[in-house]
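Here is the structure we will look at.
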Amino acid sequence: MSFDAGIMTARRLARRDVVAALLAMGVVRPAPAAVRRIDDLVARMTIAEKAGQLSCFNDVIRPVGAVFNPVVDARGADAMLADVRAGRVGMLFNGYGVAGARRAQAAALDSRLGIPLVFAADVIHGCRTIFPIPLAEAAAFDPDLSERAARAVAREASAGGLHWTFAPVVDVARDQRWGRVAEGAGEDVYLNCLLAAARVRGFQGLDLRRADAIAATPKHFAGYSAVRGGMEYAAVDMSDAELRETYLPPFAAAFAAGAAATMASFTDVGGIPAAANRRLLTDILRGSMRFAGLCVSDYDADRELIAHGVAADEADAARLAILAGVDMSMQSGLYNRHLPALVDSGRVPVAAVDRAVRRVLALKEALGLFDDPYRSLDVRAERRETRSRPIRALAREVATRSIVLLRNEGDLLPLARDRRIALIGPFATDRANLNGPWSFAGDAADGIDLASGIRAHAPALVVDDGADPARAAAVARGADVVLLAIGESGDMSGEGNSRTSITVPPAHQALAEAIAATGVPMVVLLRHGRALVLEGAVRDARAILATWFLGEQTGPAVADILFGVREPTGRLPVSFPLADGQQPWSYDRKATGRPAPDDDPAMPGRSRWRDAPDRALYEFGAGSGYTRFALSDLRVPATVARGAAVVVDVALRNVGARRGAALVRVDIHDVVASRTRPARQMKAFRRVVLDAGETRRVTLSIAHDDLALVAADGAWRVEPGDIDLWVDAGPGARIAGRFRVEG
């Protein structure tokens, strides 16, 4: 091939890359003018300007709150603005506010090529209005609710000058010691897939060019949550089948929903850190998964390749990252400092840099920033959308739907308003810990505490902070029922907050024991960002509500459940273990060759712990409302043809005295397969609301592809054979069947 022919071929491939990227970001028919604009810019850019487009930095021009990550490449606002004018910055992140964004964008437009900045942030569960943590929202088991929440958050975030969020977190989390369990959708693959897609749709809307849309970034690619011992940033090592069956599907769902970007994990995966892992970021992400959007590193992750021991120095780290497939370097500054020399020396092909630059420019094109650089930078929209009445109302709805009733012995709940109620505990009037981790631009002062929410229903409420257990016990003796507000503080969950013991803090446990000793009925209001090990008086309380970190509407949401204004409809997206030592643990664990029987879990010579059975205290999906349901007349096809869906039909009856919502769920188990299979896997669910005494037939469908597995030969396929099936609708409501997949 001649030199000229090679150049033409490279240009055709580059144009294909741009078109693919725009298509991936929801631009259904990329305008030829947009592709030409990107081609023209790349042709005119110096290698230093290209490196600048591939570099992003903390937004010191409009900083928000405390900086979580270590200080790296620090500079002031004036120095940052100078770098923006010099074309050395492609994106600023974790800043907020229209005025500062307009100042920064004006500097970008003053650069030689006038390429606009894109503004991003970790908008994980709210921007100024703080919603429940994603794990709590997952307890609603409602993709439509998650999509509506993400859409509302996008409206508020974009009104504050943001174009891009580093969310959703789609890491399937089976180890509750890991702090970032709080940011995802829990332990189940199917639920993670549904909510990943829903949140992407919500953030991005129908058109990324709209002023109220923000680009989504499913993260962390990939396997981040499977860190050794649940310890943040630790190593990850797993089989190819485990990666493909458990950790990649939520990313695939998010990409199919049109996610514009993804973020590479901090961790090493199979001995190669993600930021240098070409197999992960190119062969799998770009090849097998056909993702054409932008891949950004996590904070300083490329420089950390030196500490990992795979890069000799900063230049080597930059080389490894760009060649692996990291398009944009976050905060380290390595691409700015080293890419020009690496290209000049031939250690990095300019084609690799150009490919990454085209993806960055394609994102800016998809967001409409070339046509309107001040998109989403309107002070009127900022005033109108920030903490508006509709977004606060939705935050309350999500918070209420997220609460899980784990225990309600003797139907202690809902409470009558005329009872003497004492609210005791460190979280009774606390607002500092309502929001939980990664609340970004939220202000704790905006939150409504438990006492305020409950007093709206019970004005005579007595409150004690529980600092003195003896005094708290005396307060309890004067009440008919005690509400005990305990659990994790906001800084015990989230990034960098792994725990070796996931029990309630000792002081809170001691308080619970003191209150229990009074004999007064106790309702535990747990605050937490993960599943907890419950012990003693906490475990044995008459009633237990999992209230997570519910955000600013905590008080009203909890009160509505306590007094029966709203039915508790949340179900656990993570299993509460019996003991710390069971971690990692999930309901869909594999059976062994020596399983312990359910009726004798301590049988010697079986797969068990010496001091605990292989089961959870509260398993994935646990939770109930203020009524009960029954199932009957299950109808499942005896055989299912290749390619056909499995249609499950069952009669559901509300056998309680109140109107309520059932979560009807279908689990399966492949009886004989070429590779060992989980004991149970959820494959479909549906929420059904019934009046007391009402019966309704409920139909659920399992897509044929959802029966597939990574077979022994490595192929992904549906294998013929028998499959056991269970339909569950809450405590005491379970029915079983079986069908056969034809060969």
Side-chain angles (χ1 to χ4, degrees), residues 136 139 399-428 450-451 453-454 457-458 461-464 466 472-473 475-477 479-488 503-504 508-509 511-528 531-548 550 554-572 576 616-619 621-629 656-658 660-661 730-732:
T400 306
R401 295 276 303 279
S402 299
I403 296 169
V404 183
L405 178 61
L406 294 176
R407 182 176 168 92
N408 192 22
E409 184 182 329
D411 292 331
L412 178 61
L413 298 177
L415 296 174
R417 297 170 190 244
D418 59 356
R419 302 193 75 179
R420 295 176 300 168
I421 301 171
L423 174 63
I424 297 174
F427 297 140
L450 286 171
I454 294 168
H457 298 269
L461 179 72
V462 177
V463 178
D464 185 273
V475 171
R477 291 188 187 96
D480 296 321
V481 63
V482 171
L483 307 177
L484 185 66
I486 59 172
E488 293 187 311
T503 56
V504 167
H508 297 201
Q509 186 69 41
L511 177 61
E513 301 296 342
I515 301 301
T518 67
V520 177
M522 184 168 68
V523 180
V524 172
L525 306 178
L526 283 178
R527 184 168 297 174
H528 50 115
L532 296 175
V533 172
L534 307 184
E535 300 174 323
V538 177
R539 180 193 60 223
D540 299 332
R542 284 272 303 276
I544 304 172
L545 286 173
T547 72
W548 319 96
L550 292 177
T554 295
V558 173
D560 282 350
I561 296 297
L562 286 171
F563 293 96
V565 176
R566 296 286 299 271
E567 174 89 0
T569 58
R571 302 294 183 264
L572 287 183
F576 275 50
L617 176 64
Y618 296 109
E619 196 174 87
S624 62
Y626 294 145
T627 189
R628 297 289 183 271
F629 297 90
R658 294 172 57 106

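Residues: numbered from 1 along the sequence shown.
- Sequence neighbours left out, the pairs with a member in residues 414-426 that pass side chain to side chain donor-acceptor pair (under 3.5 Å) are Arg417-His457, Arg420-Asp480.
- When the side chain to side chain donor-acceptor pair (under 3.5 Å) test is applied to Gln509, the partners found at least two apart in sequence or on another chain are Glu513.
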- [ ] With side-chain contact (heavy atoms from CB on, under 4.5 Å) as the test, would you mind laying out the steps for Leu412 and Val523 before giving the verdict?
- [x] CA-CA 8 Å; Leu412 178 61; Val523 180; 3.5 Å; yes
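- To the nearest 0.5 Å, atom CZ of residue Phe427 and atom CG of residue Leu526 are 10.0 Å apart.
- Side-chain contact between His508 and Val538 is absent, with no heavy atoms from C-beta onward closer than 4.5 Å.
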TODO: Please report the C-alpha distance between Leu534 and Tyr618 in whole Å, then the side-chain angles of each, then the deciding distance to 0.1 Å, and finally whether the side-chain contact (heavy atoms from CB on, under 4.5 Å) criterion is met.
DONE: CA-CA 10 Å; Leu534 307 184; Tyr618 296 109; 4.3 Å; yes
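- With sequence neighbours excluded, the residues that form a side chain to side chain donor-acceptor pair (under 3.5 Å) with Asp464 are Arg471.
- Atom CG in Leu483 sits 5.5 Å away from atom CG in Leu562 (nearest 0.5 Å).
- Taken from CG in Leu525 to CD1 in Ile424, the straight-line distance is 11.5 Å, to the nearest 0.5 Å.
- Sequence neighbours left out, not one pair with a member in residues 535-546 passes side chain to side chain donor-acceptor pair (under 3.5 Å).
- For the pairing with Leu545, the side-chain contact (heavy atoms from CB on, under 4.5 Å) check across Leu405, Val404, Leu406 returns one residue only, Leu405.
- Here the closest non-hydrogen pair linking Ala422 and Leu461 is C-CD1, 4.4 Å.
- Contacts of Ala516 classified as side chain to side chain contact (heavy atoms under 4.5 Å, CB included), with partners at least two apart in sequence or in another chain: Met522, Ala537.
- Applying the side chain to side chain contact (heavy atoms under 4.5 Å, CB included) rule to Ala136 yields the partners Pro132, Ile133, Ser402, Trp548, Leu550; only residues at least two apart in sequence or on another chain are considered.
- Shortest non-hydrogen contact noted between Ala428 and Ala485 is N-CB, 3.9 Å.
- With rounding to the nearest 0.5 Å, the separation of OG1 in Thr569 from CD1 in Ile561 is 6.5 Å.
- Shown here are the salt bridge (Lys or Arg N to Asp or Glu O under 4.0 Å) partners of Arg407, two or more places apart in sequence or in another chain: Glu409.
- Taking CD from Glu488 and CG from Leu532, the interatomic distance works out to 5.0 Å, rounded to the nearest 0.5 Å.
- With a 4.5 Å cut-off on side-chain heavy atoms, Leu511 and Pro426 count as touching.
- Residues satisfying the ring pair (Phe, Tyr, Trp, His ring centres under 6.0 Å) criterion with Phe576, sequence neighbours excluded, are His528.
- You'll find the side chain of Ile515 stays beyond 4.5 Å of the side chain of Val520, heavy atoms only.
- Here Thr518 pairs with nothing under the side chain to side chain donor-acceptor pair (under 3.5 Å) rule; sequence neighbours left out.
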TODO: Starting from the C-alpha separation in whole Å, work towards a yes-or-no answer on side-chain contact (heavy atoms from CB on, under 4.5 Å) for Val558 and Ile403.
DONE: CA-CA 8 Å; Val558 173; Ile403 296 169; 4.0 Å; yes
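- Remark: Ile544 CD1 to Leu617 CG distance equals 7.0 Å, nearest 0.5 Å.
- Figure legend: cation-pi geometry between Arg658 and Tyr626 absent, as NZ or CZ is not positioned both under 6.0 Å from the six-membered ring centre and within 45° of its axis.
- Summarising the geometry of Ala557 relative to Ala399, their closest heavy-atom pair is CB-CB, 3.6 Å, with the distance given to 0.1 Å.
- With sequence neighbours excluded, the residues that form a side chain to side chain donor-acceptor pair (under 3.5 Å) with Arg401 are Asp142.
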